[in-house]
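Just so we're clear, the structure is a prediction, and the values are computed from it rather than from any experiment. So that the names make sense, note that chain A is the first sequence line, chain B the second, and so on, each numbered from 1.
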2 protein chains.
Amino acid sequence: MNTLMSDIKITRTKTTKIHDVDFDNLNFGRTFSDHMLVCDYKDGKWQSPEIVPYQPIVLDPSAKIFHYGQSVFEGMKAYKDANDSVWLFRPLENFKRLNISSKRLAIPELPEDIFMEGLKALLKVDSNWIPKKEGSSLYIRPFIFASGNGFHASPADQYKFVIALAPSGAYFSGKVKVLIEETYSRSANGGVGFAKAGGNYAGQFYPTQLAVEKGYQQVIWTDDTNHEYIEEAGAMNIFIRINDTLITGPTSDRILDGITRKSIIDIAKREGIPVEVRKITVSEVVNAAKDGSLKEMFGAGTAAVVSPISGFGYKGIDYDLPELKDTYATFIKKYITDIQTNKSDDPFGWRVKM
Amino acid sequence: MNTLMSDIKITRTKTTKIHDVDFDNLNFGRTFSDHMLVCDYKDGKWQSPEIVPYQPIVLDPSAKIFHYGQSVFEGMKAYKDANDSVWLFRPLENFKRLNISSKRLAIPELPEDIFMEGLKALLKVDSNWIPKKEGSSLYIRPFIFASGNGFHASPADQYKFVIALAPSGAYFSGKVKVLIEETYSRSANGGVGFAKAGGNYAGQFYPTQLAVEKGYQQVIWTDDTNHEYIEEAGAMNIFIRINDTLITGPTSDRILDGITRKSIIDIAKREGIPVEVRKITVSEVVNAAKDGSLKEMFGAGTAAVVSPISGFGYKGIDYDLPELKDTYATFIKKYITDIQTNKSDDPFGWRVKM
Ligand SMILES: Cc1ncc(COP(=O)(O)O)c(C=O)c1O
Ligand SMILES: Cc1ncc(COP(=O)(O)O)c(C=O)c1O
């Protein structure tokens, strides 16, 4: 396993793009580094990964990714500290979740060494692409898609695993206003909602557009049976603070088991913040907003980190959240970011040096 | 609009692949014709379609199709009659459904002339690829996918519409044994199940693999709330004959509004077959199997045409269907195929000459 890293074939680009990049004004996920990792699955097994210059992917028009949405992905971040050391946050969790997603999508599971050693080698090659500026990071996008061919609704016989890197700024700018969904749904019981499957995201675009037209930035999904329970947002799990208690819904086969979410639960426990993992009904939130016990709502995810919510809409009524001085969101965001960027101790052992 | 067809730029292949194809032994969707239609959406509009040699598609690794499953497709067939005339079956219905799917997936709707005139022009260029053998046809795959770039879960700003052609034999060989699903689901209330969205198919692969391991070929999906109602199969709507009545479930936002399904309903009405469109519970089907009133089950879809089901499994028990002499399935399959291939009158005006 440890021999693999030295085995990875590396083809370096002849012309770096790095001098075109304004690292002080990075958007999110639109600038890509010089190299990428690629690894093909064929003849019944994952082949040797390679690092190559960032380059187009060439596929037959009948490649199953175009037709049947057979794809999964992950999202991670690499940070550089004051001493230029490079840090990842709980990368093994992303690896495990990738395989959980793959299994549900009938994609062959990836060996751990290809993921971990491949990622390490790629970060080494492109280490100068990792931003140091506060609030910026190198967004890491591992993904697998069906590259095998044929107009037949059945799993492909070939897949491609790729890791691409995007130096990125903040995902959201400012606070987010959300709409609690009453009509559309993100996922079914017994469906693929818990997987980071491509199709879960495309299905959210149209309802989110409708919400954006009404002046909201994001949708809070509810269960598809009665739209009674708060589930999650497009790319974030949701936390709700009622009085001094922080509440988040339990994960299920409809909800992504977010790494930020579970880290926040652990941080809250350690820091003496009362935290409950239990179902939350929409009416509980609405009532808490009405009686003033609703203090905060925030989203939590790798891309958005901790993203405070300024208010929510439900059944045509807008509810504003109070502007508190000392919020859990601010405390937790700093706490987790300090761990991620090696600015504080890491009592949980989450940070991994590359 | 009618000037468009003559406007379509056609680049012909220098080397046809047609002589390599054994038209007497075609599989389904694995052999592709010499040309394809491509049309790009960018700068806020669909550009001019072109016919080019069948060739690979080249995409940036950050193209949203790889990450967010933003894609829709259609499935149609072209038939050649004894006089070498070429026929399509209700093509406008496929065009309309493509746009219904696109809307739900936040993909810009396609103008009718690009679809219809593009298809006509392509079929003309590749008309010698349309099989004449009974049971064979030219399978037509129009599809649209997000070709715009970026690791941001939001609709792409560029799309590609492609029509590819695959001379094909039968989708299933022989009767199909199905498993009525009790655990997994295909779609959510308020979800994208009614759309021909790529992600709907990948989500079915794993549960179908589990069914195949148990000796079934296909899964019959049930509602995701209680798995109480019969919905549809992977690529077919489902008909059930109890005594002399043909029953199929109503379409909904969870079920694809199949063109074969609605054609069969019309045929049954015209031919005096009692037909009901209503919800069917799994227990009704099980009870009918037990008391002998369950006479037939079959799937209906463009690819599979009319596909008789030999039996089903439910809660660990297998139920065989009787072997009747004169089945609705046989009657309807011949009836619809004769219309499609110009072997009979077309009282409904469904057939369209190319
Ligand atoms: C649907 C969904 N929920 C939640 C999250 C947050 O998960 P994590 O904290 O692991 O990034 C993400 C993003 O990764 C997501 O896509
Ligand atoms: C999920 C699903 N249901 C039903 C059908 C049948 O629809 P149609 O008869 O229009 O081909 C298809 C195939 O097109 C399908 O993919």
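No more than 12 heavy atoms of other residues, nucleotides or ligands shown are found within 6.0 angstrom of NZ on A/K42. Heavy atoms from other residues, nucleotides or ligands lying under 6.0 Å from NZ of A/K103 number 12 at most.
Two residues are said to be in side-chain contact when any heavy atoms from C-beta on lie closer than 4.5 Å; A/I140 and A/L119 meet this criterion. B/F161 is listed as a side-chain neighbour of B/L98, based on a closest heavy-atom distance under 4.5 Å. Counting heavy atoms from C-beta outward, A/R97 and A/I259 have side chains that approach closer than 4.5 Å. Looking at heavy atoms from C-beta onward, A/V58 lies out of side-chain contact with B/I57 at the 4.5 angstrom threshold. In this structure, the side chains of B/M76 and B/Y139 stay at 4.5 Å or more apart for every pair of heavy atoms. With a 4.5 Å cut-off on side-chain heavy atoms, B/Y159 and B/Q70 count as touching.
Note: A/P61 leads A/G203, A/G199, A/P61 in heavy-atom pairs under 4.5 Å with chain B. Among B/Y201, B/F143, B/F145, the residue with the largest count of heavy-atom pairs under 4.5 Å with chain A is B/F143. Across A/A303, A/P155, A/S71, the residue that shares the most heavy-atom pairs under 4.5 angstrom with chain B is A/P155. Among A/G150, A/S168, A/S185, the residue with the largest count of heavy-atom pairs under 4.5 Å with chain B is A/S185. Interface summary for chain B: among A/S62, A/A164, A/A166, the most heavy-atom pairs under 4.5 angstrom belong to A/S62. By number of non-hydrogen pairs under 4.5 angstrom with chain B, the leading residue of A/L105, A/L59, A/I144 is A/L59.
Residue contact with chain A, scored on non-hydrogen atoms closer than 4.5 Å, involves the backbone and the side chain of B/Y184 alike. The contact between B/F32 and chain A is made entirely by side chain atoms (from C-beta outward), counting heavy-atom distances below 4.5 Å. With a 4.5 Å cut-off on non-hydrogen atoms, A/F28 touches chain B through its backbone and its side chain both. Contacts between A/F73 and chain B at a heavy-atom distance below 4.5 Å involve the side chain alone, from C-beta outward. For A/A235, no part lies under 4.5 angstrom from a heavy atom of chain B. For B/Q55, the part lying under 4.5 angstrom from a heavy atom of chain A is the backbone only.
Under the 6.0 Å distance and 45° angle rule, B/K279 counts as a cation-pi partner of B/Y229. Judged by the 6.0 Å distance and 45° axis criteria, A/R141 is positioned over the aromatic ring of B/F151.
One distance of note links OG of B/S101 with CD1 of B/I107; it measures 8.5 Å at 0.5 Å rounding.
Close approach to chain B, defined as a heavy atom under 4.5 Å from one of its heavy atoms, is seen in A/Q209, A/D224, A/T225 of residues 209-226 of chain A, taken by number. Heavy-atom neighbours of chain A within the stretch residues 186-198 of chain B, taken at a separation under 4.5 angstrom, comprise B/S187, B/A188, B/N189, B/G190, B/G191, B/V192, B/G198.
Between the side chain of A/K64 and the backbone N or O of A/S154, at least one donor-acceptor pair lies under 3.5 Å.
Aromatic rings of A/H152 and B/Y171 (six-membered ring for Trp) have centroids within the 6.0 Å cut-off, being under it.
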Worksheet item: Do B/D60 and A/Y54 pass the side chain to side chain donor-acceptor pair (under 3.5 Å) test, and can you show the C-alpha distance, the side-chain angles, and the key distance before you say yes or no?
Response: CA-CA 9 Å; B/D60 194 81; A/Y54 187 86; 2.5 Å; yes
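B/R254 and B/E231 are joined by a salt bridge, as a carboxylate oxygen and a charged side-chain nitrogen come within less than 4.0 angstrom of each other.
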